[in-house]
Structure formats: C-alpha cells, structure tokens
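Please read these numbers as outputs of a predicted model, since none were measured by experiment. Residue numbering restarts at 1 for every chain, and letters A, B, ... go by the order of the sequence lines.
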Amino acid sequence: MNIITRFAPSPTGYLHIGSIRTALYSWLYARKYNGKFILRIEDTDINRSNKKYVKHILYVLEWLGLYWDDQPYYQSDRYDFYQDIINTMLNKGLAYKCFCSRERLEFVRNICLTKKKDFLYDGFCRDKCFSYKKKNYIVRFKNIIDKSVFIFYDIVYGKIIISNNKIDDFIIRRSNGIPTYNFCVSLDDYDMCVSHIIRGNDHLNNTPKQIKILDSLNLKVPLYAHLPMILNVNKEKMSKRSKNFNLKRYIKSGFLPESVLNYIVRLGWSYRDKELFSLNEMKCLFSLEKVRKSSCCLNNKKIKWINKCHLSSISYKRLLYYLKPFFFKRKIFFAKINNISEIISFFAQRTDSLIDIVNYCDLFVDKKIKFTKVNHDYISYQIYNLLQFFLKHISKEMSWNKSNITLVINLCLRNYFFLGYAKIFQVLRFFLIGKEKNLSLNIIILFLQKNKVTSRIICSIKFVKSKLKKTY
RNA sequence: GUCCUCUUCGUCUAACGGUUAGGACAUCGCUCUUUCACGGCGAUAACAGGGGUUCGAACCCCCUAGGGGACGCCA
C-alpha cells in the first residue's frame, strides 16, 4: 500500500501545539513508510481565511523541518472540481437543492432546543420539486433514512458506532456557491489518494458524513486515525487565537525545532522508557497503534528540560544557525568576542534556552562595563584595595587557564578574608560583569580573557575612586 | 439536552489477567563545588468510585461520577 498522509489546516489562526502534533504524526507516518506527505490549505471559509496565516503555516512547517511533497494545495483553487461533482450528485439524486431560509432553519433549531432534542434538518426540501428558479439555495447531501447504525474503524479509537438517524441531510454547498468542509475534505482526500487521515478527534463526528459522501459515489474510503486532544494547562481546548500556545511563542522563547518536536511527539505517544528522540529516531520508532486515546495537557518545564538535552548535543554549526537571529535581535556583535565558540559551547551544555546562551554571551562582549545600581558597601577603601590587589596579580605573566585563575582568586581570599568569602566573590563578579549572582568567578575571568578583565577592573577602580572622592 | 469519547503519581507516560504498579519532568532532601549553577545520589507521589467475571483484575463486563469533543451556510 502506498502511504499518503496529509496535513490540512485552515488558515484562520495561528498553529498551536495540537495542530503541530497532527502535522508531525502525519509527517512521521508518511516518512516512515517512504510515502508522501501532502499539505493542503483548507481556505473555503472566505470570511475568516487570511493570507497571513497561510504564510505562518508554511513558515512554521519549514522551521520544524516538516517538509511536504508537491506544491501546497489550496481548496480555493479547486472550486471547479467540487462543482462538477456536486452537479453529478444532483443529477444522480444523491444530493438536492434546499430553499429553506436561514430563518426557517433557526426556527426548527429552536424547537429542537426547547424539546431538548438534537437539531437535525427535517428534510423539508428533500423530496420536493421546485418549479421556480430561485437562485438562493443550498445543496444538501441526501442521506439514507433508516434506523441502522453506521460503523467505521479508527486506528486509534477502534470501532466507532453511530446511529444513522443521528446524521442528517447536511449541507455540502453554501448559498454563495462555495462547498462546505465535509464535502471538500472527503473528495480532496480521495482525489489526492490519501491513504491515512490523521487528525484531531474533534473530527470524529465528521467522519461518518465524509465516508457517506465517498460511499454514495462508490469511491474508496481512506483509513482514519483520530488523535486525542491536547488541552491547555486549564484542561481546555486550545484556541487558534490564543497567543499562549501559538508555536511562535516557542520559537521566540529560544526552543530548538527538535526540542519542540521531541516534546510533542511524546504527548499521546511513547516508546518504552525513551524520552529523547532525534527526528530520525522518531521516524523509525513512531507507530499509530501506540497512540493513546486520552487527552493530555501541556507541561512547560518538561519542554525546557528536553530543550536543554538537545542544546547540549546539537552540532556547533546548527547551534550557531539558530542563535544568530537572537544575537541579531539583541544587537550583539559576537564577532567582538574572539573566543565565542568556546563560550557558546560551554553554555550550550548548561542552559535550557537559546536566549540564556545569548544572555551569557552578552556578558563577555564589551571592553568596558556599565554599572546599574551599585551597592553602597562596594564604595570603600577596602574594596578599592581589593580591586587593585586583584588587578596586580591577574595582570602578571601567566598562562590563562582555570587553575592559574583560581590561584589568583585564592590569593585575594587569603589577603582579604576579613571581608568574608561570599562578599569577595560578589564584589569581583559585580565589577567584572555588573551582576553579583551569576556564574562561577573563575569561568567569568577565563572567558573574559586578560584584556577585558584588566580593562574592566581598571574602569571599576576609577569608578570607585571617583565615588570615594565625592563621599570623603 | 442528545450523540461520540476518555479516566494510572502534580504533569507526560509504562503495564497487552499474576510487577514491591516501572520511567521521565516537576517538587523535596543529601552531595560535589571556599560563591552561582551544572552534575551525582536519594525520597515523597498514581490505578476515579462501586458492583460483577476469574484461583487471581489497573487490564475483561456493567453502573455511577468526572473530564473532553461534536451537535453551524466554521473547519
């Protein structure tokens, strides 16, 4: 069997984690079996569809590396194809024109509501022959009326049984001439030879309608795999308009694409005790049969941990590729840091976000240091002397390595022990990078390198001296 | 309301009738670091409830409760 899957978003909002997972699972399944993965933009809602969302969808898929085969398909390009089939269905009596006004439908709906019944179309126009040529009509699918049950098998949920009398003569073409979702989807999936439809379980109830359309035309029905919902932290359905779960947020927060994919592949699916997957491993190990049925919700701390693991194993070249936009945005010219690769590699081993790496790099850029709020305790002759002492010894001829740097620090600790160890560390850290609590001091000194250490300390000494003059 | 569906540590999950209910994140200890972190070691923590079936049930069946989805000229 030739495996063809598709991702079919509607461009009416930003992609959230749930839709990304649908895309990922479809992509993985196709790639695992050397099949095809199709992207189809479902833009039949002319009021809400927006080109900016199409752009967003393409950008996100590319960023994640979920490349599709063929050109993306747009349903709005295919109206002629749909229209032909609707005409055939009308001619064959598989569908009929309905002239019911919106008002009448609303009226019937309200009656059902007060009777606490399901709203199903009452078939008012079903068997009528209209002689007048009213233009304003919709086209409905002519469902078989009986009390039988409709059964289909879902790869994830198993056997699904729905009573036939719960499915009405649903609309397949609107009065504006544009066909509706259920119609377009089923025919496109057939036309594009989609073998496996992988999508959110909010479509479980649509599936019988789509199968019925295909059955009525004697067309082959694909296999279905519905995925459980991913809920937000409050266990609610995620909205396309909510910014919190929009994938852009993850990109901006400094996550790698492999981390995002790794995180979401494990929502609803697992492989033994394995937590970390490369894209290739996912491809080999993924299976629809192991997808869980129950919905799950998000955990931000876990994705951070996953990002940390991937940051520490990613190649330097790729890391730099993903870091560059962040450097650019912060206007940090990392060319100014001659040991940049050493610094980046070091922090990639211990941070959980690209932003953190950039923040650390930022500490080592400039020769001079700008202070924000200075602790009053730091403006004293003792501190002044400490800085002088530190400068004198750190400036000596020595090879610039961690153990030699530690020797100098120890020397300071011994000579100025009366200040307290913690304070000595804080003071030196502050006058080197402007922060009291941050990295270990010898790492700071090591990465700043001799020229920046001396220039920053000289600058600090001048600063303290000027403050002392003012005070006394 | 009707229909569909789901329910294992706080969270993501393992278990395919026999386990001390396993792992991961988080949390909390301890430990390395003369500071920050990283790391290492450990601990707490779950079968929604009630009935069956069975020698034996987290697992099979029924009921209840709770969650989610669908019920549009949205997709």
Task: Short N-O contact, A/D189 and A/R6, less than 4.0 angstrom - done: yes

- [ ] May I ask you to verify whether the side chain of A/S175 and the base of B/rC73 hold a donor-acceptor pair under 3.5 Å?
- [x] yes

Task: For A/N339, side-chain hydrogen bond (donor to acceptor under 3.5 Å, both in side chains) partners two or more places apart - done: none

TODO: Using Watson-Crick or G-U wobble geometry with both distances below 3.5 Å, tell me the partner of B/rA48, or none.
DONE: B/rU64

TODO: Please list, chain by chain and in numerical order, all residues satisfying salt bridge (charged side-chain N to carboxylate O under 4.0 Å, His left out) with A/E275, sequence neighbours excluded.
DONE: A/R266, A/K302

Task: Nucleotide nearest A/N299 (side chain, heavy atoms from C-beta), chosen from B/rG69, B/rG10, B/rU34 - done: B/rG10

Open item on the list: For the residue pair A/K97 and A/Y137, would you count it as a cation-pi contact if the rule is NZ or CZ under 6.0 angstrom from the ring centre and within 45 degrees of the ring axis?
Closed with: yes

Open item on the list: Heavy atoms only, 4.0 Å cut-off, all strands: where does A/Y263 land among base, sugar-phosphate and nothing?
Closed with: nothing

Task: Touch class at under 4.0 angstrom, heavy-atom based, for A/N206 against every strand present - done: base

Task: Mate of B/rU19 where both pairing distances stay under 3.5 Å, Watson-Crick or G-U - done: none

TODO: Assign A/H226 to base, sugar-phosphate, or nothing according to its heavy-atom contacts below 4.0 angstrom with the strands shown.
DONE: nothing

Distances for protein N or O near nucleotides 15-21 of chain B N or O, under 3.5 Å:
{"unit_1": "B/rA15", "atom_1": "OP1", "unit_2": "A/K290", "atom_2": "NZ", "d": "3.2"}

Open item on the list: If you assign A/I160 and A/N182 each to the RNA chain B nucleotide with the nearest heavy atom, which residue ends up on the more 5' nucleotide?
Closed with: A/I160

Open item on the list: Distance check needed: B/rA70 P versus A/Y157 OH, whole Å only.
Closed with: 12 Å

TODO: With heavy atoms under 4.0 Å as the rule, sort A/I409 into base, sugar-phosphate or nothing.
DONE: nothing

TODO: Among B/rC12, B/rC73, B/rA70, find the nucleotide with the atom closest to the side chain of A/I138.
DONE: B/rC73

Task: Whichever of A/K237 and A/N410 has its nearest RNA chain B nucleotide further upstream toward 5' - done: A/N410

Task: Which residues share a ring pair (Phe, Tyr, Trp, His ring centres under 6.0 Å) with A/Y360, sequence neighbours left out - done: A/F347

- [ ] Mind checking ring pair (Phe, Tyr, Trp, His ring centres under 6.0 Å) for A/Y96 and listing every partner two or more places apart, or none if nothing turns up?
- [x] none

Task: Whether A/Q349 side chain and A/F346 backbone form a donor-acceptor pair below 3.5 Å - done: no

TODO: Choose from B/rC25, B/rG72, B/rA75 the nucleotide whose nearest atom is closest to any side-chain atom of A/I171.
DONE: B/rG72

- [ ] State whether A/R78 and A/D191 are salt-bridged, where the test is any N-O pair (Lys NZ or Arg NE/NH1/NH2 against Asp/Glu carboxylate O) under 4.0 Å.
- [x] yes

Task: Partners passing ring pair (Phe, Tyr, Trp, His ring centres under 6.0 Å) against A/Y25 (at least two apart in sequence or in another chain) - done: A/F286

Open item on the list: Using a heavy-atom cut-off of 4.0 Å across all strands, would you classify A/R102 as base, sugar-phosphate, or nothing?
Closed with: base

TODO: For B/rC25 and B/rG42, measure between their P atoms and round to the nearest Å.
DONE: 13 Å

- [ ] Look at all strands and tell whether A/R173 reaches a base, only sugar-phosphate, or nothing, counting heavy atoms closer than 4.0 Å.
- [x] nothing

- [ ] Could you list the residues that satisfy side-chain hydrogen bond (donor to acceptor under 3.5 Å, both in side chains) with A/N201, not counting sequence neighbours?
- [x] A/Y157

Open item on the list: For a quick check of understanding: with a heavy-atom distance under 4.0 Å over all strands, which category does A/S270 fall into, base, sugar-phosphate or nothing?
Closed with: sugar-phosphate

TODO: Taking only the side-chain heavy atoms of A/R266 (C-beta and beyond), determine which of B/rC36, B/rA75, B/rU13 contains the nearest atom.
DONE: B/rU13

- [ ] Before accepting this row, confirm whether a basic side-chain N of the pair A/K212/A/D215 lies closer than 4.0 Å to the acidic partner's carboxylate O.
- [x] no

- [ ] Using a heavy-atom cut-off of under 4.0 Å over every strand shown, decide if A/C184 touches base, sugar-phosphate, or nothing.
- [x] nothing

Open item on the list: Once you apply a heavy-atom cut-off of 4.0 Å, does A/K304 come out as touching a base, just sugar-phosphate, or nothing?
Closed with: nothing

Task: Length of the line joining A/K166:NZ and B/rG1:P, which is rounded to integer Å - done: 14 Å

- [ ] Kindly point out which of B/rU34, B/rU27, B/rA70 is positioned nearest to the side chain of A/Y421?
- [x] B/rU34

Open item on the list: Between C1' on B/rG1 and CZ on A/F119, what's the gap in Å once rounded to a whole number?
Closed with: 15 Å

Open item on the list: When the P atoms of B/rC60 and B/rA24 are compared, how many Å lie between them, rounded to an integer?
Closed with: 27 Å

Task: For A/K237, all residues meeting salt bridge (charged side-chain N to carboxylate O under 4.0 Å, His left out), sequence neighbours excluded - done: A/D202

Task: Of the listed nucleotides B/rU2, B/rG68, B/rC73, the one nearest the side chain of A/R109 - done: B/rC73

Open item on the list: How would you summarise protein contacts on nucleotides 39-48 of chain B per nucleotide, using B for base, S for sugar-phosphate only and - for none, with heavy-atom distances below 4.0 Å?
Closed with: S---------

Open item on the list: Any donor-acceptor pair, under 3.5 Å, between the side chain of A/K302 and the base of B/rA24, if you only look at N and O atoms?
Closed with: yes

Open item on the list: Using only modelled atom types and a 3.5 angstrom limit, is any donor from either the side chain of A/N201 or the base of B/rA70 paired with an acceptor on the other?
Closed with: no

Open item on the list: A/R350: which residues meet the salt bridge (charged side-chain N to carboxylate O under 4.0 Å, His left out) condition with it, sequence neighbours left out?
Closed with: none

TODO: Taking only heavy atoms on the protein side, list every residue of residues 273-289 of chain A lying under 4.0 Å from any atom of RNA chain B, sorted numerically.
DONE: A/D273, A/E275

- [ ] Tell me which nucleotide among B/rC73, B/rA75, B/rU7 gets nearest to the side chain of A/L105.
- [x] B/rC73

- [ ] Return the set of residues passing salt bridge (charged side-chain N to carboxylate O under 4.0 Å, His left out) with A/D84 (not counting sequence neighbours), or none when no residue passes.
- [x] none

Task: Lys/Arg cation over aromatic A/F124: A/R104, 6.0 Å, 45° cone - done: yes

Open item on the list: When you measure only distances, ignoring hydrogens and angles, does the side chain of A/R350 come within 3.5 Å of the base of B/rA37 through a donor and an acceptor?
Closed with: yes

TODO: For the side chain of A/L413, starting at C-beta, report the closest nucleotide among B/rU34, B/rA75, B/rG10.
DONE: B/rU34

Open item on the list: Rounded to whole Å, how long is the line connecting atom CG of A/N300 with atom P of B/rC12?
Closed with: 13 Å

Task: Sugar-phosphate only, base, or nothing, as touched by A/T44 at under 4.0 Å among non-hydrogen atoms - done: sugar-phosphate

Task: B/rU2 pairs with, by Watson-Crick or G-U criteria that keep both distances under 3.5 Å - done: B/rA70

Open item on the list: Taking pairing as Watson-Crick or G-U wobble with both contacts under 3.5 Å, can you name the mate of B/rG42, or confirm there isn't one?
Closed with: B/rC28

